[in-house]
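Contents: one structure, followed by commentary.
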Amino acid sequence: MAAETITSRDNSLLRRARAVRDGKLEEAIFVEGMRLSEEALQSRLPIEAVIVSEELARKVKAKKLIAELEQAADRLVLVSESLLASVSYTKTPQGIVLLAAHPQIDETTFKTRQPQSPLLVVMHGINNPVNVGAIIRTAEAAGVTGVIATLTTSDPFSAKALRGAMGSAFRLPIWTRAGYQKVISWCRKSGIKTICADVGGTELYSKIDWSGPAALIMGPESTGLTAAEVAAADAVAKIPMKGQVESLNVGVATGILLYEAMRQRILE
């Protein structure tokens, strides 16, 4: 496949890339930057198109990746820096954009990829994609086997969330658009202990037993989980705080809880 050169800002591929970037086309994801492009390639995602700036294409460090992407993608095009800027979602374009197939995220696929003793993270009502991406990245590092994003959570495969996840979203099983009560019911039927984080919790997070099948439920940073949502969980974890701090960033809190879970599971 030979690389094409695009010179028109109104080219249909560029219009499609902008639509994917803005979340208007759900069948594809928008991947920007060499690092994420390499992660997408290694994850064997079907790649629809690669858009590369002519400047990046001339750099020695990029040639190997571009050649590999050219073999894997249906189409590879070269554009000027100004055209790439019209597609990029960052202030400083990174020279390369991929349009790739949306990873499988259906309920059945997610469940079949879970081990006998899963450790899950449930993101409920977390609407900041930066936090969503950071949680997914932390989840992989802490040995989480799957992530669930409820209907009210920001899309884990949006451009900003993917950037924050740094490739973890390509590797972890992720079930999106799940109903909160449906997740609780599935966990209960599957013997998975549900543990929510709440500032009103009475049980210290390190005193909770995380060694068996468990699902950590994290709610919105601004309001937290509702009383009914907290009551639906099997346990409520509390992170002690000093001073006048009312709450922690949801990504930071998730990291504290998951690493306690990993510590206990390693010591099994």
Q) Got L84 and I51 here, is their nearest side-chain heavy-atom distance under 4.5 Å? A) yes

**Q.** Residues R177, E26: salt bridge by 4.0 Å N-O rule
**A.** yes

Q: Return yes if some donor-acceptor pair links the side-chain N/O of D22 with the main-chain N/O of K24 below 3.5 Å, else return no.
A: no

Q | Donor-acceptor contact present, side-chain Y180 to main-chain E229, <3.5 Å | A | yes

Q.
For the CD atom on E54, are there more than 12 heavy atoms of other groups (residues, nucleotides or ligands in this structure) within a distance under 6.0 Å?
A. yes

Q | Any donor-acceptor N/O pair, S158 side chain to D155 backbone, under 3.5 Å | A | yes

Q. After noting the C-alpha distance and the side-chain angles of Q94 and L36, does the key distance pass the side chain to side chain contact (heavy atoms under 4.5 Å, CB included) rule?
A. CA-CA 11 Å; Q94 299 179 54; L36 273 184; over 6 Å; no

Q) Hey, does W210 have a side-chain heavy atom less than 4.5 Å from the side chain of L258? A) no

Q.
Go through it in stages, so that I can follow the logic: the residues are R163 and E39, the test is salt bridge (charged side-chain N to carboxylate O under 4.0 Å, His left out), and I'd like the CA-CA distance, side-chain angles, deciding distance and then a yes or no.
A. CA-CA 11 Å; R163 183 176 174 83; E39 294 282 5; over 6 Å; no

Q | Test salt bridge (charged side-chain N to carboxylate O under 4.0 Å, His left out) applied to R75 and E4, step by step | A | CA-CA 8 Å; R75 185 180 182 190; E4 308 168 49; 2.8 Å; yes

Q) Under the 3.5 angstrom rule, does the side chain of T112 hit a backbone N or O of T109 as a donor-acceptor pair? A) yes

**Q.** Distance (rounded to the nearest 0.5 Å) between I135 CD1 and N128 CG
**A.** 9.5 Å

Q. Ion pair present between K61 and E38, side-chain N to carboxylate O less than 4.0 angstrom?
A. no

Q.
When you compare the side chain of L65 with that of M34, does any pair of heavy atoms fall below 4.5 Å?
A. yes

Q | Shortest non-hydrogen contact from M218 toward A197 | A | SD-CB, 3.7 Å

Q) With distance as the sole test, does S43 use its side chain to make a donor-acceptor pair with the main-chain N or O of L45 at under 3.5 Å? A) no

**Q.** Parallel, tilted or perpendicular: rings of F110 and W186 (30°, 60°)
**A.** perpendicular

Q | Distance, nearest 0.5 Å, that separates CG of L14 from OG of S8 | A | 7.5 Å

**Q.** Interatomic distance, E221 atom CD to N127 atom CG [nearest 0.5 angstrom]
**A.** 9.5 Å

Q) Between atom CG of D106 and atom NZ of K111, what is the distance when rounded to the nearest 0.5 Å? A) 10.0 Å

Q.
Run the side chain to side chain donor-acceptor pair (under 3.5 Å) test on S80 and S82 for me, step by step, so that the C-alpha distance in whole Å, both residues' side-chain angles and the decisive distance to 0.1 Å come before the verdict.
A. CA-CA 5 Å; S80 65; S82 61; 3.0 Å; yes

Q. Quick one: does Q264's side chain have a donor or acceptor within less than 3.5 Å of a partner on I208's backbone?
A. yes

Q. For the side chain of S190 and the backbone of I192, is there at least one donor-acceptor N/O pair under 3.5 Å apart?
A. no

**Q.** Contact check, side chains of M166 and R137, non-hydrogen atoms, under 4.5 Å
**A.** yes

Q) Between P213 and G191, what is the shortest heavy-atom contact and its length? A) CB-O, 3.7 Å

Q. Just by modelled atom types, is the I184 backbone N or O under 3.5 Å from a matching donor or acceptor in the T194 side chain?
A. no

Q: Would you confirm whether K63, through its side chain, and A57, through its main-chain N or O, come within 3.5 Å as a donor-acceptor pair?
A: yes

Q. Is there side-chain contact between L69 and L41, with at least one heavy-atom pair below 4.5 Å?
A. yes

Q | Residue pair I174 / I136, side-chain heavy-atom distance below 4.5 Å | A | yes

Q) With a cut-off of 6.0 Å (strictly less than), are more than 12 heavy atoms of other residues, nucleotides or ligands near NZ of K238? A) no

Q: Given side chain to side chain donor-acceptor pair (under 3.5 Å), test T145 with Q114 step by step and report yes or no.
A: CA-CA 6 Å; T145 61; Q114 291 311 305; 2.7 Å; yes

Q | Interatomic spacing from CG in L257 to OG in S206 - rounded to 0.5 Å | A | 10.0 Å

(Q) Can a donor-acceptor pair be found, under 3.5 Å and without considering hydrogens, that links the side chain of R9 to the backbone of L83? (A) no

(Q) For a 4.5 angstrom cut-off between non-hydrogen side-chain atoms, does L248 reach I256? (A) yes

Q. How about E32 and I96: do any of their side-chain heavy atoms sit closer than 4.5 Å?
A. no

Q. Does the pair E140/R171 count as a salt bridge with the N-to-O cut at 4.0 Å?
A. yes

